[in-house]
Structures are given as structure tokens and as C-alpha cells.
Number of protein chains: 2
Amino acid sequence: MAALDEIDRHILRELRRNGRISILDLADRVGLSPTPCGRRVKRLEDDGVIRGYAATLDNARLGLNISVFIMVRLSGHGPEGTRDFLSAVAARPEITECFLVAGNVDYMLRVWVGDLEELGDFVRDVLQSIPAVTETSTMVVLKEEPQPEVLPF
Amino acid sequence: MAALDEIDRHILRELRRNGRISILDLADRVGLSPTPCGRRVKRLEDDGVIRGYAATLDNARLGLNISVFIMVRLSGHGPEGTRDFLSAVAARPEITECFLVAGNVDYMLRVWVGDLEELGDFVRDVLQSIPAVTETSTMVVLKEEPQPEVLPF
DNA sequence: GTTGAAACTTATTAAAC
DNA sequence: GTTTAATAAGTTTCAAC
């Protein structure tokens, strides 16, 4: 896999911003003609740098007004406890992200709910009823500050 | 904005999975003919349920092997302190997400770096040199557990 | 909701430079 | 790398059911 040059990074930034831009418009923005621009996009896709394309949704318009980060600590149930925890997580659609982390806790979850009552129900009836879960700490997202750069470079 | 039915949700799930699927294929998957399927997609876009489309990248292939969550506590610098913090955050491309949260801390950041040395430099030279930042707590992501459902419903 | 057809845009490929 | 041309595919709009 060849190293990326500035034009490749420019292409990636544009495709992050608009995943459905036409090759003609993309070529125009990055200062190439359509043919090599299309070749570069295809190479980025084939190399796996671009994993795919996805619609970006407005969760609030779907009735999911509240998102939270929940830090979860597990203990005392060995490998099966972790396995059961991950099974329970995978079965819950309101959990959109699940990370194993190193730090003060074991897992970090991103969860979407309609209101605070649903959040309370989720924490009590779903999370804390998983045997291996010994401690949860919930951070309610009050605001997402938009980052101007859509790519970390 | 009319309420979404099951077909609309099916369309959203498919577009989350593949934001570049053709209307013909999408219609086939959701059990509609192309004309009404295209109308629904357009309505979801116009209503703002679909905010846009974006390429999904493999950050590791871009040399960003490490992602972390960093919880930040601010204090003692009033509104200007917060403003300066947010300006500093907005200027750093390695910070891809920034959330104001309610909980044990004030802000939650998602940060991407190439290696642990860069992480250390970032925490010390960038984050902790911001006057209002009084405390940071870093969680290194060891693994992202994929959630089978791509939508929280 | 369905089908079908025409007009338009875009993507892809090849051939030239 | 660029341009041009031809083919193929997808989108959009319209009419009719």
C-alpha cells in the first residue's frame, strides 16, 4: 500500500464531507482531472483506507433525544462474565458503540434513548442486571462541539 | 414531518450500511418499487432525518493506530477559560469529537494518534497546557466491539 | 402503491497525447 | 499526469394503471 500524498488526503477529506460527491466534482475540488481522480478513489477503496460509505442520520429526529457515555466496570465473573456482558450488549440496539478500554474502567458504551425515563430504565433494568457489571458511571451529552476538521490530519 | 414506518426504518438501516446503494437495489431490499422508494429517500433527506453521506475510513491504515477517550475537567477560569479551551480543541485535528457532558467531568474528547509517544505529547503539551484544564483522565481504546445493529432502533 | 419509457446525469473504460 | 469519445449504469420525471 503506497503512502498517501496531499491529494489523497484532500480526496479523503472531501469524501468524509460528502460521500456521494461525483468524481467530476471531486476531481475539480482536488485539482485533478476525473480519470486519475477516479483511479485514486478506487485505489483508496481497494486498499481498505476507505471502508465504505454510510448515511449520516439526525438521531434527535428519530426520537432519540438523549445520548450518553456509560463507563462500565466488570469483575468477579471470569471470562464467562465478560462473554455474557458482550452478548447482552450486542443484543441492545440502543447501544451503538462498545469499546474495551484501558483506564479506570473496563468498557465504554455510547447509548441513545428518547428521554431520561428510558435512560433510567436502561441503566437499571439492562446494564445493572448483567451479573458481571459491578459499577456504571453515566455521562449525559449536553452538547456536541463540532470539530472543523473532519479528519485527524 | 410524518412519523416513520417500518419501511422508512428499513431504508435508514440499509443506507447506514451502504450509503451508495442504488435506488433500484434499495427498493429491492426494502420490498418497494423504485419510484416510491426514491420518494421516501428524498423525503428523509428533505426532512433532515438523513443529514448527509460520508465515507467511512480505516484510521489505522492512515497511521492513526491509537484512539483514546479523554475526560477533561475545567475550573476557575470562568467563561473565557471555557472559550479558550474550545478554541484550542477546535484547532487540533487529532481531536475528532468533543462533547460537553454532565457527570463527573466537563468534557469528553475522542483523540487519534499514531503511537503512545504522540499520546503523551498531546496530553502534556496540548491538553494540560490549556489554562482552564485542571484534570484529565485518559482511556485507551483496546478494542471496538462491533454492534450488529447499525441503528438504535 | 405499481409499471414502463424517455431524458438527463454520472461512471467507466479505452485511446489518444 | 491530461483530454476526448463511447458505452454502460443510475436517477428523475412523466404518464398510465
Side-chain angles (χ1 to χ4, degrees), chain A residues 1-64 93 149-153, chain B residues 1-64 93 149-153:
Chain A
M1 186 181 61
L4 305 184
D5 62 14
E6 180 49 42
I7 294 179
D8 288 321
R9 287 192 286 271
H10 195 173
I11 287 173
L12 294 176
R13 280 194 296 270
E14 294 295 337
L15 287 176
R16 283 287 298 170
R17 198 187 310 274
N18 178 7
R20 279 189 163 182
I21 189 173
S22 75
I23 294 293
L24 271 67
D25 290 346
L26 181 60
D28 198 51
R29 283 178 175 273
V30 304
L32 281 182
S33 61
T35 304
C37 181
R39 268 202 299 267
R40 281 170 182 260
V41 171
K42 179 155 174 39
R43 182 172 59 82
L44 291 167
E45 290 170 350
D46 292 345
D47 286 351
V49 176
I50 297 173
R51 282 199 302 201
Y53 302 87
T56 307
L57 306 185
D58 186 339
N59 280 353
R61 299 224 178 193
L62 299 171
L64 300 165
E149 289 293 324
V150 291
L151 270 187
F153 54 74
Chain B
M1 186 183 60
L4 306 185
D5 62 15
E6 179 49 41
I7 294 180
D8 288 320
R9 287 191 287 272
H10 196 171
I11 287 173
L12 293 177
R13 280 194 296 271
E14 294 295 338
L15 287 176
R16 283 286 297 170
R17 198 185 312 270
N18 178 7
R20 280 188 160 181
I21 189 174
S22 76
I23 295 293
L24 270 67
D25 290 346
L26 180 60
D28 199 51
R29 283 178 176 274
V30 304
L32 281 180
S33 62
T35 305
C37 181
R39 268 201 300 269
R40 281 171 182 260
V41 171
K42 180 155 174 40
R43 183 171 58 79
L44 291 166
E45 290 170 349
D46 292 345
D47 286 353
V49 175
I50 296 173
R51 283 200 299 201
Y53 301 86
T56 308
L57 306 186
D58 186 338
N59 279 354
R61 298 223 178 196
L62 299 171
L64 300 165
E149 289 292 326
V150 290
L151 271 186
F153 54 75

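In what follows, chains are A, B, ... by sequence order, proteins preceding strands, each numbered from 1.
Using a 4.5 Å cut-off on side-chain heavy atoms (C-beta onward), B/L32 and B/R40 make contact. The closest side-chain heavy-atom distance from B/Y53 to B/E45 is below 4.5 Å. B/D58 places none of its side-chain heavy atoms less than 4.5 Å from the side chain of A/V49. At least one side-chain heavy atom of A/L57 sits under 4.5 Å from a side-chain heavy atom of A/N59.
Of the inter-residue distances, the one linking A/T56 atom OG1 with B/I50 atom CD1 reads 9.5 Å to the nearest 0.5 angstrom.
Along DNA chain D, the stretch of nucleotides lying under 4.0 Å from any heavy atom of chain B spans, 5' to 3', D/dG10 to D/dT11. Bounding nucleotides for the chain B contact on DNA chain C, 5' to 3', at a heavy-atom distance below 4.0 Å, are C/dG1 to C/dG4.
Using a 4.0 Å cut-off between charged side-chain N and carboxylate O, B/D47 and A/R61 make no salt bridge. Using a 4.0 Å cut-off between a side-chain N of Lys or Arg and a carboxylate O of Asp or Glu, B/E149 and B/R16 do not qualify as a salt bridge.
For the pair B/R40 and A/K42, both in contact range of DNA chain C, the more 5′-proximal nearest nucleotide belongs to B/R40.
Put simply, the side chain of A/R20 gets close to the backbone of B/G19: a donor and an acceptor are under 3.5 Å apart. With hydrogens and angles disregarded, a donor-acceptor distance shorter than 3.5 Å links the side chain of A/D8 to the backbone of A/D5.
If you check residues 6-35 of chain A against DNA chain D, the residues with a heavy atom closer than 4.0 Å are A/L32, A/S33, A/T35, listed by number.
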Passes salt bridge (charged side-chain N to carboxylate O under 4.0 Å, His left out), B/R9 versus B/E6? Steps please.
CA-CA 5 Å; B/R9 287 191 287 272; B/E6 179 49 41; 3.4 Å; yes
